[in-house]
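Atom set for the values below is all heavy atoms of this structure, side chains included, hydrogens, waters and symmetry mates excluded. To find a chain, count down the sequence lines: A is the first, B the second, and so on, and within it residues start at 1.
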Protein chains: 2
Amino acid sequence: MTLPERTVERLSEYRRSLLQCLEEGKTHIFSHELAELHHNTAVQVRRDIMFIGYSSTQRKGYDVRELVDVIANILDSEKGLNVAVIGVGNLGRAVTTYFVGKRSKLNIIATFDVDTTKIDRVISGVKCYPLSRLKEVVEANQISIAIMTVPADSAVEMAAQLVEAGITGLMNFTTVPLNVPREVYLDEYDMITSLEKVAYFVKSPRE
Amino acid sequence: MTLPERTVERLSEYRRSLLQCLEEGKTHIFSHELAELHHNTAVQVRRDIMFIGYSSTQRKGYDVRELVDVIANILDSEKGLNVAVIGVGNLGRAVTTYFVGKRSKLNIIATFDVDTTKIDRVISGVKCYPLSRLKEVVEANQISIAIMTVPADSAVEMAAQLVEAGITGLMNFTTVPLNVPREVYLDEYDMITSLEKVAYFVKSPRE
DNA sequence: TTGAAACTGTGATTTAATTAACAATATTTC
DNA sequence: GAAATATTGTTAATTAAATCACAGTTTCAA
């Protein structure tokens with residue numbers, strides 16, 4: 001049984017708030033509190049939590065610690081997953097520094113770039129390799145996820161190489177829509193599209 | 001009549017492909033071709049195009065030039081919209097260099113940062129202002145959209161200031177969910193959540 | 001200890017988004 | 001110029017996601 005995409009996203013977000021709660025010493029939380037933290041509804045929260053099969057001790061709200069563990073159980077892989085960042089421009093660096101150390105089960109292992117002057121440079125403790133060594137490094141380190149932050153014109157070629165190297169999850173930050181085999185999970189995020197969407201709704205507000 | 005969010009997103013994506021087609025001298029395109037470029041279906045494309053009220057000369061496909069114009073008419077504001085980037089870290093710089101010049105109707109006018117050493121620095125032709133001058137600069141330049149790439153701990157405060165300054169569209173790249181008045185359009189993108197989602201589907205592929 | 005109040009868990013319903021199905025129409029072929 | 005083919009536009013059906021509505025706890029207050 002796989003969860004709905006939106007639920008997975010929200011669980012990830014809930015977890016962050018819950019960890020925050022733990023730090024603040026809050027041990028229990030109500031669905032409506034969690035909802036408020038994420039501008040959605042209490043029912044939605046309960047429904048999401050129902051999906052993962054957790055139940056609260058009624059009337060006290062959810063046990064934060066327990067809920068965090070249940071979510072971790074759903075989202076995290078037991079041994080963790082290894083990640084590579086492809087392309088060390090501004091965005092690649094942002095992503096790398098951003099992620100390192102944030103989630104113990106997602107390890108950024110390497111970055112890659114064509115620019116030979118960047119080779120061996122270390123960003124937030126992560127070393128940069130030449131793209132020529134992609135397959136070798138991916139295999140040696142069992143990297144399964146790639147985050148692509150390369151220029152648009154090399155995106156398609158790069159994606160092919162990544163698939164060839166054995167990647168099974170791909171986050172595409174380029175503006176080029178990619179085609180990958182179905183067994184590779186692809187998440188595309190296109191900033192220009194997002195900005196244009198914001199612009200549209202600024203111009204034509206709903207209702 | 002406002003369009004469905006997803007349709008707006010896809011229109012933005014279609015436009016990019018269509019502009020590409022124009023450059024290549026392609027004057028007409030079929031729904032299935034456009035679909036293939038964006039890994040979705042021909043019906044979906046036709047439905048989206050139906051929403052914006054455009055019709056093809058049948059059997060020849062859509063006139064690329066005309067379609068681009070119709071989409072521009074829907075997505076773009078006549079006089080363009082002005083945009084500011086808040087926070088000039090790696091991500092802020094990435095976003096700025098990324099956008100500048102990409103869309104004539106979306107002008108990045110200014111960046112802002114607390115770090116006084118960054119003031120007056122110019123990135124891709126865009127000048128950095130101190131946050132203390134936010135309201136003044138926003139008003140003087142009629143900036144209506146803000147892209148937030150600040151650290152998590154200043155996100156909430158920052159959003160409040162932006163709303164106060166008169167922003168009506170907000171792209172939030174921090175991992176903190178924000179609450180803004182309903183008249184402000186909010187788009188949130190959370191990289192950690194996206195990565196965790198990819199990780200989940202790598203671990204638990206669908207079907 | 002009875003009753004009111006506060007939450008949760010979940011079937012039923014609604015809404016939004018996608019996909020299927022097909023008539024209508026233009027183009028090509030013979 | 002009739003038949004076959006390719007493509008669109010749209011109604012209807014399906015699927016996915018969100019919301020409503022409410023019964024079933026547990027707790028608290030009197």
Asker: Ignoring backbone atoms, establish whether Ser55(A) has a side-chain N or O less than 4.0 Å from OP1 or OP2 of dT8(C).
Answerer: no
Asker: Are the side chain of Thr149(A) and the backbone N or O of Val88(A) linked by a donor-acceptor pair below 3.5 Å?
Answerer: no
Asker: Can you check the Ile29(A) CD1 to dC7(C) P distance for me, whole Å?
Answerer: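 The answer, rounded to whole Å, is 12 Å.
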Asker: Is the NZ or CZ atom of Lys197(B) both under 6.0 Å from the centre of the six-membered ring of Phe201(B) and within 45° of that ring's axis?
Answerer: no
Asker: Under 3.5 Å, is there a donor on one side chain and an acceptor on the other for His39(B) and Glu188(A)?
Answerer: yes
Asker: Within a reach of under 6.0 Å around NZ of Lys60(B), are more than 12 heavy atoms found that belong to other residues, nucleotides or ligands?
Answerer: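 Count not over threshold, so no.
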Asker: Mind listing the N/O atom pairs, protein and nucleotides 23-29 of chain C, below 3.5 Å?
Answerer:
residue	atom	partner	partner atom	Å
dT25(C)	O4'	Gln58(B)	OE1	3.3
dT25(C)	O2	Gln58(B)	OE1	3.2
dA26(C)	O3'	Gln58(B)	O	3.4
dT27(C)	O2	Arg59(B)	NH1	3.4

Asker: Whole Å only: how far is the OH atom of Tyr54(B) from the P atom of dT8(D)?
Answerer: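 In whole Å, dT8(D) P and Tyr54(B) OH are 11 Å from each other.
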Asker: Tell me the interatomic distance from Glu5(A), atom CD, to dT15(D), atom C1', rounded to whole angstroms.
Answerer: 14 Å
Asker: Using a 4.0 Å heavy-atom cut-off across all strands, classify Thr7(B) as base, sugar-phosphate, or nothing.
Answerer: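 No contact.
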Asker: Considering every strand and a 4.0 Å limit on heavy-atom distances, what is the contact class for Ser31(B): base, sugar-phosphate, or nothing?
Answerer: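 Sugar-phosphate: the residue Ser31(B), judged by heavy atoms under 4.0 Å, touches backbone atoms but no base.
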Asker: Taking CZ from Arg6(B) and C1' from dA18(D), how many angstroms apart are they, rounded to a whole number?
Answerer: 17 Å
Asker: Using only heavy-atom distances, determine whether the side chains of Thr175(A) and Asp190(A) contain a donor-acceptor pair under 3.5 Å.
Answerer: no
Asker: Among residues 39-50 of chain A, which contact DNA chain C at a heavy-atom distance under 4.0 Å?
Answerer: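 By residue number: Val43(A), Arg46(A), Arg47(A), Met50(A).
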Asker: Let me know, please, whether Pro4(A) or His32(B) comes out on the 5' side of the other along DNA chain D by nearest nucleotide.
Answerer: His32(B)
Asker: Using atom types as modelled and distance alone, determine if a side-chain donor or acceptor of Asp63(B) lies under 3.5 Å from a backbone N or O of Arg65(B).
Answerer: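 Yes, Asp63(B) side chain to Arg65(B) backbone: donor-acceptor pair under 3.5 Å.
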Asker: Are there over 12 heavy-atom neighbours, none belonging to Gln161(A), within less than 6.0 Å of that residue's CD?
Answerer: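 Correct, the count exceeds 12.
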Asker: Donor-acceptor pair, distance only, cut-off 3.5 Å: does the side chain of Lys118(A) make one with the backbone of Val114(A)?
Answerer: no
Asker: Any chance the side chains of Asn172(B) and Tyr189(B) put a donor and an acceptor closer than 3.5 Å?
Answerer: no
Asker: How many whole angstroms separate atom CG of Leu34(A) from atom P of dT8(C)?
Answerer: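 Between P of dT8(C) and CG of Leu34(A): 10 Å.
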Asker: Expressed in angstrom and rounded to an integer, what is the separation of Arg10(A) atom CZ from dA17(D) atom C1'?
Answerer: 8 Å
Asker: Expressed in angstrom and rounded to an integer, what is the separation of Asp63(A) atom CG from dT8(C) atom P?
Answerer: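 For the pair Asp63(A) CG and dT8(C) P, the rounded distance is 13 Å.
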Asker: Using whole Å, report how far OH of Tyr62(B) lies from P of dT7(D).
Answerer: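 That distance rounds to 12 Å.
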